[in-house]
Amino acid sequence: MGLYAAAAGVLAGVENRQGSIKGLVYSSNFQNVKQLYALVCETQRYSAVLDAVIASAGLLRAEKKLRPHLAKVLVYELLLGKGFRGGGGRWKALLGRHQARLRAELARLKVHRGVSRNEDLLEVGSRPGGVSQLPRFVRVNTLKTCSDDVVDYFKRQGFSYQGRASSLDDLRALKGKHFLLDPLMPELLVFPAQTDLHEHPLYRAGHLILQDRASCLPAMLLNPPPGSHVIDACAAPGNKTSHLAALLKNQGKIFAFDLDAKRLASMATLLARAGISCCELAEEDFLAVSPSEPRYREVHYILLDPSCSGSGMLSRQLEEPGAGTPSPARLHALAGFQQRALCHALTFPSLKRLVYSTCSLCQEENEDVVRDALQQNPGAFRLAPALPAWPHRGLSTFPGAEHCLRASPETTLSGGFFVAVIERVEVPSSASQAKASAPECTPSPAPKRKKRQPKAGAGACTPPCT
């Protein structure tokens with residue numbers, strides 16, 4: 001009998017109260033009792049964690065001949081143990097087929113509980129706590145103000161501006177009344193965790209948008225030039241739409257669709273406060289929008305952020321325990337809708353670039369949707385390399401998936417997120433190809449830290465101090 005089968009037998013015996021771990025190990029006739037004892041003890045210690053990962057990954061449904069106790073031992077070895085180094089045989093091959101999904105589900109569980117280490121999952125009653133520890137990200141609304149003036153305003157309020165961050169460690173170290181400019185994201189200011197700006201005059205006047213770091217990626221990577229026609233396919237609540245309008249400098253047109261009338265009403269209020277005049281809201285199903293309509297013939301850019309499981313939304317998990325664990329049926333339905341929406345978006349005849357994003361951690365809603373859509377349009381579109389400096393890449397489930405971006409509290413100090421940039425493959429001139437290529441997104445110059453004397457007319461950019 002092999003090590004993993006012996007460990008599974010001992011685990012089953014313990015759960016069936018046939019004896020203690022030590023007694024069952026010594027009666028198993030397995031030669032290396034110390035190795036067996038250690039494996040069983042560690043597997044049992046992580047039993048609840050392993051059960052959750054195996055269930056959410058659907059491992060036992062996919063491998064119907066795999067017994068639960070053996071599955072638990074094998075998943076422990078893959079994710080938390082030695083990783084089948086130097087052995088594993090057929091079990092290594094079997095688990096290898098599910099490795100990406102199992103690792104993704106373990107990562108999602110950590111996000112759900114707000115922890116970064118495997119050991120932290122063992123704490124009894126562990127609850128999501130990562131939200132309060134993430135920095136407060138604030139996007140400067142360049143339709144109404146500029147970073148220099150916002151920085152000066154906060155400095156007059158007693159805050160200390162530290163310039164552009166050089167790494168995420170700078171963001172983690174923020175305390176008190178210090179703030180920074182994000183190392184990668186233009187116009188994104190970073191304040192210490194739990195900084196409350198909801199009643200701040202700049203926010204109330206629409207000069208600041210409270211927006212998660214990863215949520216700023218879609219519009220930034222779509223990067224439509226001023227004057228462009230853009231579709232925001234599933235637009236509410238509107239933060240990404242307002243970001244698009246700022247990039248367009250209110251020049252051009254945004255066609256924003258959503259089916260929820262209440263969310264659209266709230267969105268209209270947000271856009272009005274932000275000074276946006278280039279957006280046309282429609283209470284309409286994007287899937288029902290005809291790409292052949294003349295009004296959309298100049299749409300070169302589409303942002304598609306469809307309904308998803310929300311498994312990466314830490315704030316939602318705090319309010320709704322278990323919200324990060326979609327049922328297999330719901331996950332299947334969501335992925336089907338997402339794929340239909342993406343394939344529909346790719347049929348717009350003048351489309352040059354599309355950004356697909358979700359606040360989900362599930363592979364089925366992310367890499368799988370993108371892969372299937374590209375396979376249905378062979379040779380017509382490609383995944384564009386996006387933001388090479390971003391540290392967290394897509395799961396390696398198909399060639400090119402590393403061009404996608406992922407986000408998490410541990411790796412990017414943000415909520416869980418996924419982004420893919422899809423471009424039309426063009427044969428024409430190199431000039432047109434260069435124009436349609438994904439932006440490198442080189443950070444804009446950081447506002448200088450030196451003090452500036454208040455000037456008359458400065459209130460044109462920011463509300464006067466009160």
Side-chain angles (χ1 to χ4, degrees), residues 1-126 311 322 324-325 328 361-363 395-397 408 410-411:
M1 180 182 292
L3 171 64
Y4 302 121
V10 172
L11 273 180
V14 171
E15 291 188 10
N16 293 327
R17 300 184 179 181
Q18 295 173 356
S20 66
I21 292 179
K22 185 176 290 187
L24 290 169
V25 164
Y26 278 96
S27 64
S28 68
N29 295 322
F30 188 77
Q31 188 172 3
N32 192 333
V33 293
K34 288 185 178 180
Q35 184 184 23
L36 177 59
Y37 182 75
L39 178 58
V40 172
C41 287
E42 286 301 296
T43 302
Q44 189 184 48
R45 193 160 73 103
Y46 281 93
S47 181
V49 173
L50 295 167
D51 284 339
V53 170
I54 289 169
S56 55
L59 178 62
L60 296 179
R61 292 193 301 274
E63 302 290 345
K64 292 183 169 43
K65 293 183 179 181
L66 185 62
R67 306 310 302 164
H69 294 100
L70 180 57
K72 193 178 295 188
V73 172
L74 295 174
V75 172
Y76 169 83
E77 187 72 346
L78 174 69
L79 300 181
L80 308 171
K82 297 180 179 180
F84 299 111
R85 289 196 296 271
R90 65 189 180 102
W91 300 124
K92 181 179 181 180
L94 185 148
L95 265 289
R97 295 198 293 268
H98 305 279
Q99 179 173 327
R101 177 63 190 274
L102 289 165
R103 292 192 184 282
E105 291 301 327
L106 178 63
R108 183 191 57 73
L109 186 62
K110 289 180 183 177
V111 171
H112 175 55
R113 296 190 180 177
V115 301
S116 58
R117 302 181 307 162
N118 293 332
E119 306 92 278
D120 296 335
L121 291 169
L122 297 173
E123 295 181 11
V124 178
S126 179
S311 54
T325 311
L361 299 172
C362 300
Q363 176 186 323
L395 299 177
S396 300
T397 58
S408 71
E410 297 83 12
T411 59

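Being a predicted model, the structure only gives us computed values, none of them experimental.
In this structure, the separation between CG on Leu11 and CD on Gln44 is 6.5 Å, given to the nearest 0.5 Å. Distance check, rounded to the nearest 0.5 Å: CG of Leu79 to CG of Leu95 gives 8.0 Å.
With sequence neighbours excluded, the residues that form a side-chain contact (heavy atoms from CB on, under 4.5 Å) with Asn118 are Tyr46, Leu80, Leu106, Lys110. Among residues two or more places apart in sequence or in another chain, the salt bridge (charged side-chain N to carboxylate O under 4.0 Å, His left out) test is passed with Arg97 by Glu63. In this view, Ala48 satisfies the side-chain contact (heavy atoms from CB on, under 4.5 Å) rule with no residue, not counting sequence neighbours. Residues satisfying the salt bridge (charged side-chain N to carboxylate O under 4.0 Å, His left out) test with Arg45, not counting sequence neighbours, are Glu42. Contacts of Glu410 classified as salt bridge (charged side-chain N to carboxylate O under 4.0 Å, His left out), with partners at least two apart in sequence or in another chain: none. Annotation: side-chain contact (heavy atoms from CB on, under 4.5 Å) contacts of Ala71 (sequence neighbours excluded): Ile54, Leu59, Leu60, Leu66. Residues passing the side-chain contact (heavy atoms from CB on, under 4.5 Å) test with Ser396: none are found, sequence neighbours excluded.
No donor-acceptor pair under 3.5 Å is formed between the side chain of Thr43 and the backbone N or O of Val73.
Thr397 and Ala100 get closest at one heavy-atom pair: CG2-CB, 4.2 Å. Of all the heavy atoms in His98 and Ala62, the pair that sits closest is CE1-CB, 3.6 Å. Shortest non-hydrogen contact noted between Val53 and Leu102 is CG1-O, 3.8 Å. A pairwise comparison of heavy atoms in Leu39 and Tyr76 identifies CD1-CD2, 3.7 Å as the closest pair. In terms of heavy-atom proximity, Pro328 sits nearest to Arg61 at CG-NH2, 3.4 Å.
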Task: Worked verdict on His69 versus Val10 for side-chain contact (heavy atoms from CB on, under 4.5 Å) - done: CA-CA 9 Å; His69 294 100; Val10 172; over 6 Å; no
